Every structure is written in C-alpha cells, then in structure tokens.
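Fair warning: this is a prediction, and the values are worked out from it, not measured in the lab. Letters A, B, ... mirror the listed sequences (proteins, then strands); counts begin at 1.
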Protein chains: 2
Amino acid sequence: MTKTRRKAPDATRKRLIQAAFSEIHEKGFQPTGLDKILARAKLTKGAVYHHFKNKTDLGYAVFDEVIDPWVRGRWIEPIHEAADPLKELIARVKAVPKRSGKELALGCPLNNLILEVSGLESGFRDRMNGLLDAWRVQLAADLKRGQRDGCVRADVRPAETAAFVVAALEGLVGIAKPASDVKALKQTVNGFVGYLQSLRPA
Amino acid sequence: MTKTRRKAPDATRKRLIQAAFSEIHEKGFQPTGLDKILARAKLTKGAVYHHFKNKTDLGYAVFDEVIDPWVRGRWIEPIHEAADPLKELIARVKAVPKRSGKELALGCPLNNLILEVSGLESGFRDRMNGLLDAWRVQLAADLKRGQRDGCVRADVRPAETAAFVVAALEGLVGIAKPASDVKALKQTVNGFVGYLQSLRPA
DNA sequence: AAAAATACATACCGGTCGGTATGTGTATTA
DNA sequence: TAATACACATACCGACCGGTATGTATTTTT
C-alpha cells in the first residue's frame, strides 16, 4: 500500500502557511519573525526549511495558497456568480463597516502586502499584479454582462470603471485600518455606494 | 550676543528628520534601521538620542514635520485655493500617471504609513486619523463651495463624496505601487476622472 | 576666564533576525 | 527485515536591531 501516510507533511505544510498568513496579516511580512510563525504553528525551523527554501518562499506560498483565493472568494467570484453584479458589489461594500473592529484594523491582506513589499523584489510584485489584473478583467467582464442585461448603464466603460472600483475598494479598506470611529468609514462607504448606484441606468 | 549659533542643532535635527523620511518612504518605518538613517544623514546615534527619545519619537517628527505638510501641500491646499476645486482635483489625478516610475513605486508616504503602522500604537494612528479628517473636512468644504459657485452638482453630498474621494485617491496611489506597466494605472485614472466629472452639473 | 550646559561621537550591550549544520525518529522501499 | 529516503527537532551562527553609557569638543552662562 503506497497510500499510507507519512508523519503528515501536507498537513504540516498547511499549518505553516496558515500560521504565516495569520502573523503576516497582523504585523506584515517583513516584521514577522519566523519564530513567531513557528510558535503559532507549534513547529520548529527544521519544518520551515524542509518545506520552503527561505522566508520569502514561504511568503510566496502564503500568497498563492491563501491570499489569492481569499481575494477571489470574497471579491471576484461572488460578483461573477451574481445575476446582478452591481447589486452584489454594493451589498459587499455596504457590509464592510459591519465587520468587527479587529477585522477592520487588520485590513485587506492583499492591500497590506502591496503597500509593504511591492518595492522589494519582483516575486511579490508579479503575483500581486497578476491578481489585480485578474480582478479587473473579471469585474470588467461582469460589468459588460450587466450592460447586456440592462442593469448597468450602457455608456459605462467597463475596463476603466472596473480598474477604478478595484482601486477605490483597496482605498476603502485601507482607510478603515486606522479609523477608530466608524463614522468616517460609513461616510466613505456611502460615497462609494452613491458612485456605484450612479452606474445604474436612469 | 545670545544669537550666535551652536554647532547647528536645528539643522542637525532637520537632517535627521529628512534622512529618516527618505528611508521610511523607501522601505517603511519598521524595516528602516537607525543605522541606515544615520548613514544617510552622516551622523551618529548620539545625535538621534539627543534630539529624540527613541525611534518612534523620530517617526512622529517625520510625520508632523514632513508627511503632514507633504499631503497638505499636494492634495489639500491646492484644491482649497483653486477657484474650481473639481478642476484642480481632476488635473492632479490626471497628473499621477505622469510621475516617474520611481516616484510611483514609492507611493504616498501617508498611505504607506497607514497600512504599515496603524495597528501598532495610537501615536501614529491619531496623527493619521487627524490628517485624514482634516483632508476630508477641507475637501467637503471645497465641494460645498463648488456647489455655491455652480461648478459642482447640487445633489452631491459633500461629506460623503469627500470621504470617498480621499479613499479612492489612496487606493489609486496604492495600486500604482506594484504596477510595472502604466496601462492599468491609466485606466484607473480614467475611471477616477470619469467619476469626478460626473459630479459636474448637467 | 572659569564653569556649566549643550551637541554630538564612540563604544558597547542584550535581544532578535534569517539561515545552516546536524541529529533523530518515522515512513517507504527493496 | 535491512537499507534508504523523508520529515522534522535541536543547536548554533553571524548580522543587525534599538537602546545605553560614556567621552569630548563646542557653546553658552556666570
């Protein structure tokens, strides 16, 4: 039987990635020490350097296997699967201020990473650009579909609008990070929703 | 004569702050070591700990004396002083993709700092919230003024719109950081400009 | 001019960092 | 079942970090 399991290498690898994600989400990639990740995962350095080349390689895995699906599952796929993409988008934007204070303070892991490590090397940059591009492309396609279905104004430019919406969304969750009171956040969301509703046909 | 100068404490202090700003702007607050700042300023640790309590205190000075005026001078005051605030805002948004690649990659120092250290302690958070609030208040007032002058639609809600614009702007410069090609950035800007122009009276 | 305060420079410390070398138990292969 | 490859744990390293203690030249005060 070649199917018997080893110690559990896959599970260990996922434990590492998940622990790294949590730490990175809280403190950022660079300030997060391997020791903190290992303490959370209850493993030692041997595990890290068996499964990954180095800390950066672990960071790549965190992006590919957690952050990327995280963003897609929250912001790309639900809008794509919705009959009315604009309605789904508005609903999700409205839901942002309802998050817990801790969740708001943590922010979007993609946005955090962009602002932190985009200046370092190309490994992260390429990944982030790829995800952002996929996001824009998908949203543009969904807006176009909305136009065909009559729930998005015909004179809306899908690509430009999609790109702007993505940027505004990252700006929104970024602004939310330091906001101690939700008032400013709610105002921002209202402004955002107002814009999105202006994309509706008259 | 009590006016004769000492070694030049004020100039030294400014050298420190300016060097710290440059390093922080490039690599962020936490990853920036005091040694790098001191090498750039051609000073030693004695200078830092004479003028500042610690690294965080130096960071506060960087925010108060460089970043805060930087944002106000670039995005708050020019719009406030313009006869047509919306026109000035649009012009400045359009100018973003014309920046140098290096400048784009560095991003907005305020936005960088928000995403990095808003989760740490209240010192930075309070400063950033204060600046963001001042920004929103001023822009809202300028939009209101635009409404009185007839260059902004009457049904625009100034406070909400201002808050959204601020967030979208931070999102824009954030998105620009990893962008290797300017195409996506230009699309984002076009979408942004389209939104701003929709605030014009019909 | 002597004394005191200021404005730094130099040397050093404990702690933490990413990374490596090596040891060892476990699972797979032969 | 013996040999081998795998999946970690342990111990350790040099580099760097923020911070401190102290020395000293320069101003300012008296």
Side-chain angles (χ1 to χ4, degrees), chain A residues 1-24 26-63 65 113 116-117 120-121 123-124, chain B residues 1-24 26-63 65 113 116-117 120-121 123-124:
Chain A
M1 36 168 80
T2 63
K3 300 270 182 59
T4 53
R5 66 190 44 134
R6 310 183 179 184
K7 263 187 183 175
D10 298 8
T12 300
R13 200 186 118 96
K14 292 198 174 182
R15 285 241 312 281
L16 278 172
I17 292 177
Q18 194 57 43
F21 169 74
S22 300
E23 288 289 330
I24 291 173
E26 285 180 13
K27 324 218 172 174
F29 176 72
Q30 302 185 70
T32 291
L34 285 176
D35 296 345
K36 298 294 178 65
I37 296 173
L38 292 168
R40 186 186 281 254
K42 287 176 183 171
L43 289 167
T44 60
K45 288 198 174 173
V48 181
Y49 286 90
H50 174 73
H51 289 281
F52 306 97
K53 273 174 41 187
N54 46 38
K55 186 191 173 187
T56 303
D57 193 44
L58 171 59
Y60 291 163
V62 168
F63 187 94
E65 302 176 31
L113 214 58
E116 184 194 355
V117 299
L120 295 185
E121 21 62 85
F124 280 112
Chain B
M1 29 167 87
T2 64
K3 303 270 182 64
T4 51
R5 62 191 48 132
R6 309 180 177 190
K7 262 186 184 176
D10 297 8
T12 299
R13 202 186 113 97
K14 292 199 173 182
R15 284 241 313 281
L16 279 172
I17 292 178
Q18 194 57 44
F21 169 73
S22 300
E23 287 290 330
I24 291 173
E26 286 178 13
K27 325 223 169 169
F29 175 72
Q30 301 184 74
T32 291
L34 284 176
D35 296 346
K36 299 294 179 65
I37 296 173
L38 292 167
R40 186 187 280 254
K42 290 176 181 172
L43 289 166
T44 61
K45 288 199 174 170
V48 181
Y49 286 92
H50 174 72
H51 288 281
F52 305 97
K53 272 175 42 189
N54 47 39
K55 186 190 172 187
T56 302
D57 192 43
L58 171 58
Y60 292 163
V62 167
F63 187 95
E65 301 176 31
L113 212 58
E116 184 194 353
V117 299
L120 296 185
E121 19 63 84
F124 279 112

Whole angstrom value for the distance that separates P of dA7(C) from CZ of R15(B):
15 Å
Does the side chain to side chain contact (heavy atoms under 4.5 Å, CB included) test come out yes or no for I17(B) and V62(B), once each step is laid out?
CA-CA 6 Å; I17(B) 292 178; V62(B) 167; 4.0 Å; yes
Treating K27(A) as the side-chain partner and G33(A) as the backbone partner, does any N or O pair qualify as donor plus acceptor under 3.5 Å?
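Not at all, since once roles are kept as given, no pair shorter than 3.5 Å links the two residues.
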Atom CZ in F21(A), atom CD1 in I37(A): separation rounded to 0.5 Å?
12.5 Å
Taking only residues two or more places apart in sequence, or in another chain, which ones meet F124(A) in a ring pair (Phe, Tyr, Trp, His ring centres under 6.0 Å)?
F29(A), Y60(A)
Compare every heavy atom of A41(A) with every heavy atom of R15(A), then report the nearest pair and how far apart it is.
NH2-O, 2.5 Å
Can you tell me the distance, in whole Å, between the CD atom of Q30(B) and the P atom of dC17(D)?
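Distance check: Q30(B) CD to dC17(D) P gives 14 Å.
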Gap between atoms CZ and P, on R13(A) and dA7(D) respectively (whole Å)
12 Å
Interface residues of residues 37-47 of chain A with DNA chain D (non-hydrogen, below 4.0 angstrom)
L43(A), T44(A), K45(A), G46(A), A47(A)
Expressed as a whole number of angstroms, how long is the span from D35(B):CG to dC12(C):C1'?
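About 13 Å, once rounded to whole Å.
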Of D10(B) and L34(A), the one whose closest DNA chain C nucleotide lies more 5':
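Here D10(B) is the residue nearer the 5' end.
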With a 4.0 Å heavy-atom cut-off, tell me which residues in residues 48-63 of chain A come close to DNA chain C, sorted by residue number.
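Output list: Y49(A), N54(A), K55(A).
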K55(B) side chain vs Q30(B) backbone, donor-acceptor pair below 3.5 Å:
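Present.
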Can a salt bridge be assigned to the pair R40(B) and E26(B) using a cut-off of 4.0 Å between side-chain N and carboxylate O?
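Here R40(B) pairs with E26(B) in a salt bridge, since their nearest N and O are under 4.0 Å apart.
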OP1 or OP2 of dA7(D) less than 4.0 angstrom from a side-chain nitrogen or oxygen of T12(A), does that happen here?
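For T12(A), the contact criterion (side-chain N or O under 4.0 Å from OP1 or OP2 of dA7(D)) is not met.
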Locate the shortest heavy-atom distance separating E23(A) from K36(A); write the atom from each residue and the value.
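Looking at all heavy atoms of both residues, the closest pair is OE1-CB, 3.8 Å.
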Rounded to the nearest Å, what distance is computed from the CZ atom of residue F29(A) to the P atom of nucleotide dC17(C)?
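After rounding, the reported distance stands at 13 Å.
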